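In each ligand, atom 1 is the first atom listed, and ligand 1 is the first ligand listed. What you are looking at is a predicted structure, and each value in this text was computed from that prediction instead of being measured. Heavy-atom basis, side chains included; hydrogens, waters and symmetry copies ignored.
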Amino acid sequence: MESNVKISEKIRYIGVNDFKKKMFENHWPLPEGVTYNSYLVVDEKIALIDTAAAEFKAEFFANIRAEIGERPIDYLVVNHMEPDHSALMSDIRNKYPNIQIVANSRAVPMIAGYHGITDNMLVVKEDDELSLGACSLIFKMIPMVHWPETMVTWLEEEKTLFSGDAFGCFKAVENPLNSSFADYEEEMIRYYSNIVGKYGQQVQNALKKLAGLEIKRICSTHGPIWTNEAGKVVEIYDKMSRYQTEPGVCLVYGSMYGNTEKAALAIRDELLRRGVKCAVHNLNEENVSFAYRDVFKYDTVVVGAPTYNGNIFPVVEIFMQGISQRQIKNHRFAAFGSYTWAPASVKLMNAIASDSGFALVSEGVSFSQGFSDEKFGVENFVSEITRR
Ligand code: FEO
């Protein structure tokens with residue numbers, strides 16, 4: 001990435017690319033990296049908006065120096081306290097002892113807890129305005145997108161929204177001002193489904209609050225800066241937070257000895273033969289992250305798991321827990337799986353899906369021991385899951 005980017009005379013990008021980290025939050029794969037975005041707003045006073053992950057301290061301070069030299073920073077605006085953005089707060093305070101930390105009341109105890117900082121803070125609330133000279137920052141609370149203290153910062157003079165994690169995405173960025181939405185759409189859906197997906201209603205609340213702003217530029221904490229395609233980014237967040245999907249199947253499975261896998265592949269082949277869109281995820285080989293992305297794309301979730309210890313095969317059980325936690329709406333569900341002496345997985349998966357608000361479109365298929373089409377009835381099962 002070009003380290004520093006002058007977004008405008010007043011706004012400077014000082015974020016960093018992370019290609020080293022394998023797992024975001026030590027949980028979600030990063031095959032193409034991620035960015036931690038941070039911005040300076042330079043006026044008579046200077047505001048720094050969020051920081052970066054701890055391991056980027058040297059690069060981050062070099063980026064600041066390249067923009068403003070030894071000029072002091074007056075304010076650190078804390079839109080979000082998760083450590084990928086707040087880890088360098090203590091270092092910033094050490095470098096700029098007079099800096100005032102601008103945060104809302106929900107962030108205050110987190111700042112004390114993570115950094116022991118309790119002094120020289122400006123506590124802001126909804127629509128408070130902070131003048132930097134010719135321009136002002138305005139703060140709007142968007143709680144639970146995806147932490148309770150989350151807020152966004154609006155720079156009216158530049159029609160720019162510093163949105164925190166909202167509108168963010170995985171994937172490193174070559175030039176934050178010159179990225180195509182099409183290149184980031186998949187990783188935006190995956191980011192949303194993995195990190196924010198539980199909070200659809202809160203995202204809807206935030207979108208309603210921001211609807212009155214004439215947003216020309218979105219500066220989030222992850223991914224590109226959106227200008228021409230800002231409308232598309234808002235639209236996709238709106239769509240995902242309303243659980244709006246397209247017809248198709250997210251087919252997810254785990255298998256012990258290959259019998260549930262044989263069933264999964266036979267279902268896939270029959271779906272494709274009928275021209276149904278189908279994304280297949282083998283959880284023995286990949287992280288649940290990618291399957292959640294496709295749950296947010298397609299309206300039907302079909303899950304296969306053998307019975308294991310009288311329960312759901314573990315990797316699939318983890319997937320089902322995530323489904324339950326995300327409180328996903330407007331989806332259809334069906335399950336299948338093998339067993340040797342006592343079937344349990346299909347019944348248990350149906351119960352989780354049903355309790356989570358999914359519509360069961362089939363009773364599901366449990367089959368004993370080896371897979372065969374005669375035993376399973378693939379055509380009949382596919383007819384059930386595609387009937388509308
Ligand atoms: Fe990118 Fe919620 O931190």
Is a side-chain donor or acceptor of T307 paired with a backbone partner of S345 at a separation under 3.5 angstrom?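 Yes, the answer is positive, given that a donor and an acceptor are paired below the 3.5 Å cut-off.
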
Quick check: does any side chain N or O of N350 sit under 3.5 Å from a backbone N or O of L360, one acting as donor and the other as acceptor?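 No, the answer is negative, given that no donor and acceptor are paired below the 3.5 Å cut-off.
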
Just the protein N/O/S atoms under 2.8 Å from atom 2 (Fe) of ligand 1, please, no waters.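 Result, waters dropped: H80 NE2, E82 OE1, H146 NE2, D165 OD2.
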
For side-chain contact (heavy atoms from CB on, under 4.5 Å), just list the numbers for Y36 and D50, CA-CA rounded to whole Å, side-chain angles, deciding distance to a tenth of an Å, and then say yes or no. CA-CA 9 Å; Y36 312 115; D50 294 313; over 6 Å; no

Same cluster (ILVMFWY, side-chain, under 4.5 Å), Y298 and Y292: no

Hey, quick one: are L265 and V316 part of the same hydrophobic cluster, counting side-chain heavy atoms closer than 4.5 Å, chains of contacts allowed? no

Would the number of heavy atoms belonging to other residues, nucleotides or ligands and lying under 6.0 Å from CD of E363 be above 12? no

